[in-house]
Amino acid sequence: MEAPVLPILEFQDKIAETVEENPVVVIIGETGSGKSTQLSQILHRRGYTRSGAIAITQPRRVAAVTVARRVASELGVPLGEEVGYAIRFEDRTSNRTCIKYLTDGCLLRESLSNPELNQYSVIILDEAHERSLNTDILLGLMKRLIKRRSSNLKVLITSATLDGVKVSRFFSGCPVLNVPGTLFPVEKLYSTERPTNYVESCLKTALDIHVREPPGDVLIFMTGQDDIDKMVSKLEERIQNLEEGSCIDAIVLPLHGSLPPEMQIRVFSPAPPNCRRFIVATNIAETSLTVDGIVYVIDSGFVKQRQYNPSTGMYSLDVVQISRVQADQRAGRAGRTRPGKCYRLYPKTIYNEEFLDATIPEIQRSSLAGSVLHLKSLSLSDIDILKFDFLDPPSRESLEDALRQLYLIDAIDENGEITDIGKSMAELPLEPSLARTLLEANELGCLSQALTVTAMLSAEVSIHPTRSKNKEKKRKQSFSRIPDGSGWGDHIQLLQVFESWHLADYDPNWCTDNELHVRSMKFSKDVRKQLSQIIQKIAKGSTDVEFGVRQRKSDKDYQKIRRALCKGYGNQLAERMLHHNGYHTLGYRSQLVQVHPSSVLEADEDGQLPDYVVYHELIYTSRPFMRSVCAVEMPWVQPILKKLEKMNIHKLR
DNA sequence: GAGCACTGC
């Protein structure tokens, strides 16, 4: 079948000319413009691959793979030769590769060993309007690079209509090219007021569409799993109650991230004849997954967003209003196959006056310890981290928070200079506290255990509370099959769980039997392997990454690994308060917190929790909680408190 | 005694 002519091809001369004359060009490519597959080919045809390769970044792994596959087939070459891709755990490139798709995280990692990115003649930051943390860091690095690199680097940035000018201004007024897309028009219908109950309002709108509108699938954007489940069952019930033969059949499908893959795939099979599909989805359907056949969109106007507060060190997950960019992206989902309609459950004045232009970029909503460490390790001597040129700078508070954290775990010294430890930490694809734990564990001789714990934590393996708490456990020990951390806490439990899986020969059924997600367990195994390889390369002296399950028998109290964790989480310590089981965090901003009820940390005979713990994260839900905690000992904590006293933020940049 | 949107190295 002949592929339709993509709009972007009509502009290829203009694009090539502009790139020739300018180091940086912003491309505003609407959905369906073909920018992701064509920009690289246009520049390839114009000879840009003679002096180096073309890198095209994507914020998501699947996108990098599918787009690379597509381009290879369009050029009629086998994937991995001239056209390839690189994502974590998978490098399908060769020395002949001249068009390389990769995740933004991968390009950032390449910049560690090659800060000038000399192998590339062109770097295209695709989907930059999504403003992922990694893309934002890359934008800042690109701005430096075009000034510094002696060879003729070309940078292209694709953006959305609403912030193209902003990106251009960031790159000293570089040209902005518009490439139209192939979307059909979408009619926007606003509510006259904000509904008091948006689940009910979604439900009513969905039924109205079903009864009144011609066939076509409906996509409903909601905030989370709970609301989706509620909506699905209510909608099914109401449709059943409709008069027989009054309208076509309907099926209702949920769609969110924690759904098992086989359930997610269901949305990709088209509706049977004479049947309308209702897809009730989270944000996942906004950019990550594209559902075909959608003609109607119902937009609640809300999204659930994780945010980091640098003044408390705490994360929270809040329901917030979407931005105009997001609202337009959601509406666009109705116009992929024919003209569609978008029902916005908010008045037009709210869209115009209350919604932000664009979503607050991730860089302003995350802890920046990892990113700051990365920038420090590029050892570009002129970098003052507080003056680094970001498209949207994070707050000073957030950067200072990152510097303090890095200092407390020995990644930078009291003058803000990166240390040898810090350099090694940056090599590890882990958040700084886990990287520090791993290095310390290698010194203490418990590397294998630390590899397991850090891999399990970075794969976010969640363990369901299967019985085994206090009373039941005392009644019958053999009842609980899943390890419980021996009272030391959640890190040790993760370690024991992985070791049990190892002893079960990594049988996937073992995971299912114990209510563990096979996907995340496998992921943690891959991470562990990757970490072992990296640490064997960077660590001097002996490294023992092999399992020592038997040898560990003498180490019943997990002294060494807990000690390593205490060092790594030097910035995430808490001390129990007298006479009760509340804690206050130890640091430059003390917070009152509690152990999350999901924790397996155990109290002693007197009902007292350990005096000192480290925590993986602070999360504010109904109250401030420490999630994933591990018991540590006072003597290990003392030196960190000493360091805290000495800290002077004014010297730390 | 609580409950989690989505990505990525």
Side-chain angles (χ1 to χ4, degrees), chain A residues 57-64 86-91 102-113 127 130-138 221-229 255-259 264 281-289 300 302-307 315-320 322 326 329 359 361-363 365-366 370-371 373-374 377 425-432 434-435 454-455 458-460 462-465 469-470 517 520 523 526-527 530-531 533-534 581-582 594-601 603 609 617 619-628:
Chain A
T57 66
Q58 296 289 328
R60 279 171 296 279
R61 298 162 53 104
V62 268
I87 58 175
R88 189 176 189 178
F89 309 135
E90 209 185 339
D91 184 351
L102 72 178
T103 52
D104 48 14
C106 268
L107 187 65
L108 209 49
R109 198 134 286 274
E110 287 184 2
S111 77
L112 269 182
S113 49
E127 316 290 1
E130 289 188 24
R131 305 294 304 279
S132 74
L133 178 55
N134 288 336
T135 295
D136 265 21
I137 306 280
L138 284 170
F221 283 103
M222 309 202 72
T223 60
Q225 193 177 342
D226 274 3
D227 287 348
I228 288 173
D229 291 346
L255 180 62
H256 52 81
S258 38
L259 227 47
Q264 285 191 10
T282 59
N283 243 13
I284 198 169
E286 210 176 275
T287 47
S288 305
L289 294 181
S300 64
F302 289 109
V303 67
K304 214 177 264 186
Q305 219 170 53
R306 189 176 150 96
Q307 1 222 19
Y315 282 96
S316 61
L317 199 60
D318 310 315
V319 174
V320 298
I322 58 170
Q326 265 181 304
Q329 174 71 22
T359 312
E362 214 185 334
I363 199 167
R365 293 187 282 119
S366 320
S371 302
L373 178 61
H374 186 101
S377 76
M425 285 166 61
E427 299 276 323
L428 292 158
L430 286 171
E431 47 194 284
L434 296 181
T454 53
S458 57
E460 288 177 39
S462 53
I463 298 169
H464 293 275
K469 273 246 155 165
N470 309 334
H517 288 139
S520 48
F523 188 80
D526 286 341
V527 174
Q530 187 190 28
L531 294 174
Q533 286 163 350
I534 296 172
N581 281 335
Q594 287 193 310
V595 176
H596 196 275
S598 65
S599 175
V600 293
L601 184 73
L609 289 171
E617 70 172 0
I619 176 106
Y620 192 95
T621 50
S622 55
R623 269 180 297 171
F625 288 112
M626 298 183 280
R627 207 155 44 182
S628 293

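Basis for what follows: all heavy atoms, side chains included, without hydrogens, waters or symmetry-related copies. Computed from a predicted model, the values in this text were never measured in an experiment.
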If the cut-off is 4.0 Å, is R623(A) near the phosphate of dA2(B), judged by side-chain N/O to OP1 or OP2?
yes
Can you tell which of dA2(B), dA5(B), dT7(B) lies closest to the side chain of E460(A)?
dT7(B)
Between dG8(B), dA2(B), dC9(B), which nucleotide gets closest to the side-chain atoms of C106(A)?
dC9(B)
Can you find a side chain N or O atom of T282(A) that sits less than 4.0 Å from OP1 or OP2 on dC6(B)?
yes
Sorted by chain and residue number, the side-chain contact (heavy atoms from CB on, under 4.5 Å) partners of P361(A) (sequence neighbours excluded) come out as R131(A), D136(A), I363(A), Q364(A), D392(A)
Which part of the nucleic acid does S132(A) contact within heavy-atom distance under 4.0 Å: base, sugar-phosphate only, or nothing?
nothing
CD of E286(A) versus P of dT7(B): gap in Å, rounded?
12 Å
With sequence neighbours excluded, tell me which residues meet ring pair (Phe, Tyr, Trp, His ring centres under 6.0 Å) with F625(A).
H596(A)
Between P of dC9(B) and CG of N134(A), the distance in whole Å
8 Å
Please report, rounded to the nearest Å, how far the C1' atom of dA5(B) is from the CD1 atom of I619(A).
11 Å
Atom NE2 of H256(A) and atom C1' of dT7(B): how far apart are they, to the nearest Å?
17 Å
When rounded to whole Å, the CG to P distance for the pair L609(A) and dG1(B) reads 13 Å
Report yes or no: do S132(A) and E362(A) form a side-chain donor-acceptor pair below 3.5 Å?
no
Ignoring hydrogens and angles, state whether a donor on the side chain of Q225(A) or S258(A) is under 3.5 Å from an acceptor on the partner side chain.
yes
The residue, G224(A) or F523(A), whose nearest nucleotide of DNA chain B is more 5′ is G224(A)
Report yes if at least one side-chain N or O of T103(A) is closer than 4.0 Å to OP1 or OP2 of dC9(B); otherwise report no.
yes
When you get a sec, tell me which of dC9(B), dA2(B), dG8(B) is the closest nucleotide to the side chain of R88(A)?
dC9(B)
Out of dA5(B), dC9(B), dC6(B), which nucleotide sits closest to the side chain of I284(A)?
dC6(B)
Under 4.0 Å, heavy atoms only, any strand: does E130(A) hit a base, just the sugar-phosphate, or nothing?
nothing
Send over the distance from E127(A) CD to dG8(B) P, rounded to a whole Å.
13 Å
Would you please say whether a donor-acceptor pair under 3.5 Å links the side chains of H374(A) and S111(A)?
yes
Exactly one of R61(A), R109(A), R88(A) clears side-chain contact (heavy atoms from CB on, under 4.5 Å) with T103(A), and that residue is R61(A)
Among the candidates dC9(B), dG8(B), dA5(B), find the nucleotide nearest to the side-chain atoms of I87(A).
dC9(B)
Send over the distance from D526(A) CG to dC9(B) P, rounded to a whole Å.
12 Å
Is the distance from OP1 or OP2 of dC9(B) to the nearest side-chain N or O of R61(A) less than 4.0 Å?
yes
Rounded to whole Å, please give me the gap between CD in E431(A) and P in dT7(B).
18 Å
Mind checking if R109(A) touches a base, just sugar-phosphate, or nothing, with heavy atoms under 4.0 Å?
base
Return the 5'-most residue of the pair L428(A), H596(A) with respect to DNA chain B, ranking by each residue's nearest nucleotide.
H596(A)
For a quick test of reading the model: is some side-chain N or O of Q530(A) closer than 4.0 Å to OP1 or OP2 of dC9(B)?
no
